[in-house]
Amino acid sequence: MRDFSQDHRWLSINTATVRRQLGQDWGLLHILDACAGRGIRAVSPWRDQVAAAGLQATAQHLKSHGLELSGYCRGGMFTYTDAAGRQAGRDDNRRALDEACTLGAPCLVLVVGGLPGALAGAPAHKDIASARAQVAEGTAALLADAQERGMPLAIEPLHPMYAADRACINTLEQALDLCDQLDPARSGAIGVAVDAYHVWWDPKLQQQIARAGRERLLAFHVCDWMVPTTHLLEDRGMMGDGVIDLPQMRGWVEAAGFAGYSEVEIFSRDNWWQRSGAEVLDTCIQRHRRCV
Ligand code: ZN
């Protein structure tokens, strides 16, 4: 296992981590400056942040700082209620792929969607099996577009508490089953993003990480699970503050062949988003050395 204690060369910052700092408007370009200024070598930006900063301006800024991407957030949301919704989703996912290519991302991260309409508070039905069938169909269609562009797809299984509204793929096993169905040759065109927050509880985690192997392990996201957790979406903890054994999990992904970045992804409305971006980034660096 790599030694992270002496430097932070394998730290990446998911830019949502410092997107909403209290009293500060940290646009994406400023976030890139703040990361580069601390010797952070990689980031994973969100589409809305890139759109606000400008795609070309972002690409240029990444290049001038020599910053890499550890992923691009995000595509997916494959479920729909009618043909127009399905087409709109496909078009939007193609745009996401094109942006990922422009930015030089190693993969497009997919949050696959839950029951259609649920994210807006009005689920169209209760048929999660049909939602999962739409996800399989949508991922298959996007994979063809992704292969044309040479952009790998990383399915991110989300914690089951998000099954209704964000993602009906909830375990690494489910995600890998879909990968095997779509890409039995393990070509590298499709794999998974392993986010500690979503999968730490899974009794099959070690086994499924080993099953994924190098070809399928495209991203590794870290934060921590707080006890108690006070918000379903925006109460992620800083590494070391919760109950996830991150070094153990990193040991498993590295034993399976993963050698990329540990991407810190913290949505924290009442804690880390209330602090200065500088403090958050400095803390990420320290905790990455000590707790990941
Ligand atoms: Zn994640």
Side-chain angles (χ1 to χ4, degrees), residues 10-20 31 35 40 42-50 68-78 96 100 103 105-114 119 135 139 152-163 165-172 174-176 178-179 190-202 205 208-209 212 216-226 229 231-239 241-242 244 246 249-250 252-253 258 260-269 272-273 280 284 287-288 291-292:
W10 293 109
L11 167 65
S12 171
I13 297 292
N14 183 294
T15 56
T17 304
V18 283
R19 72 175 304 159
R20 274 210 237 158
I31 293 172
C35 287
I40 292 167
V43 295
S44 182
W46 285 70
R47 289 186 73 197
D48 63 316
Q49 291 175 297
V50 169
E68 294 189 344
L69 262 55
S70 56
Y72 188 46
C73 297
R74 59 174 162 65
M77 296 294 166
F78 293 114
L103 298 173
C107 59
L108 176 66
V109 173
L110 300 180
V111 171
V112 298
L119 195 55
V135 165
T139 308
L153 299 178
I155 301 170
E156 182 163 347
L158 297 201
H159 190 284
M161 67 180 169
Y162 302 115
D165 58 359
R166 290 174 194 278
C168 56
I169 290 186
N170 307 104
T171 63
L172 201 48
Q174 252 184 302
L176 290 168
L178 183 54
C179 291
I190 188 164
V192 293
V194 174
D195 186 326
Y197 188 75
H198 294 301
V199 301
W200 70 275
W201 57 273
D202 184 349
L205 184 59
Q208 294 297 318
I209 286 172
R216 298 271 200 240
L217 290 170
L218 302 185
F220 180 49
H221 300 173
V222 297
C223 66
D224 216 332
W225 184 278
M226 302 304 291
T229 287
H231 189 279
L232 288 186
L233 189 64
E234 297 179 347
D235 188 28
R236 294 186 179 211
M238 179 63 67
M239 300 80 73
D241 287 347
I244 303 178
L246 290 165
M249 202 184 302
R250 182 162 73 85
W252 293 344
V253 297
F258 180 77
Y261 290 101
S262 292
E263 177 183 319
V264 176
E265 184 181 35
I266 299 174
F267 316 140
S268 174
R269 187 188 59 185
W272 297 99
W273 283 346
V280 175
C284 286
R287 298 296 183 86
H288 172 82
C291 307
V292 178

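All ligand and atom numbering here is 1-based and tracks the order in the structure.
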* Asked: Does F267 reach the side chain of H231, with side-chain heavy atoms less than 4.5 Å apart?
  -> no
* Pairing residues for D241 by the side chain to side chain contact (heavy atoms under 4.5 Å, CB included) criterion, not counting sequence neighbours -> M226, M238, W272, R287
* To do: Using side chain to side chain contact (heavy atoms under 4.5 Å, CB included) as the criterion, list what pairs up with P152, not counting sequence neighbours.
  => C107, L218
* Structure fact -> Note: Y72 and S44 closest approach over all heavy atoms is N-OG, 4.0 Å
* Asked: Does E156 pair with R166 as a salt bridge, N-O distance under 4.0 Å?
  -> no
* When you check the space around the Zn ion (ligand 1), which protein N, O or S atoms turn up under 2.8 Å? -> E156 OE2, D195 OD2, H221 ND1, E265 OE1
Pairs of donor and acceptor atoms involving the side chains of residues 191-201, under 3.5 Å and at least two apart or interchain, shall be tabulated with distances.
| unit_1 | atom_1 | unit_2 | atom_2 | d |
| --- | --- | --- | --- | --- |
| D195 | OD1 | Y197 | N | 2.9 |
| D195 | OD2 | R236 | NH1 | 3.2 |
| H198 | ND1 | H159 | N | 3.0 |
| H198 | NE2 | R236 | NH2 | 3.2 |
| W201 | NE1 | H198 | O | 2.7 |

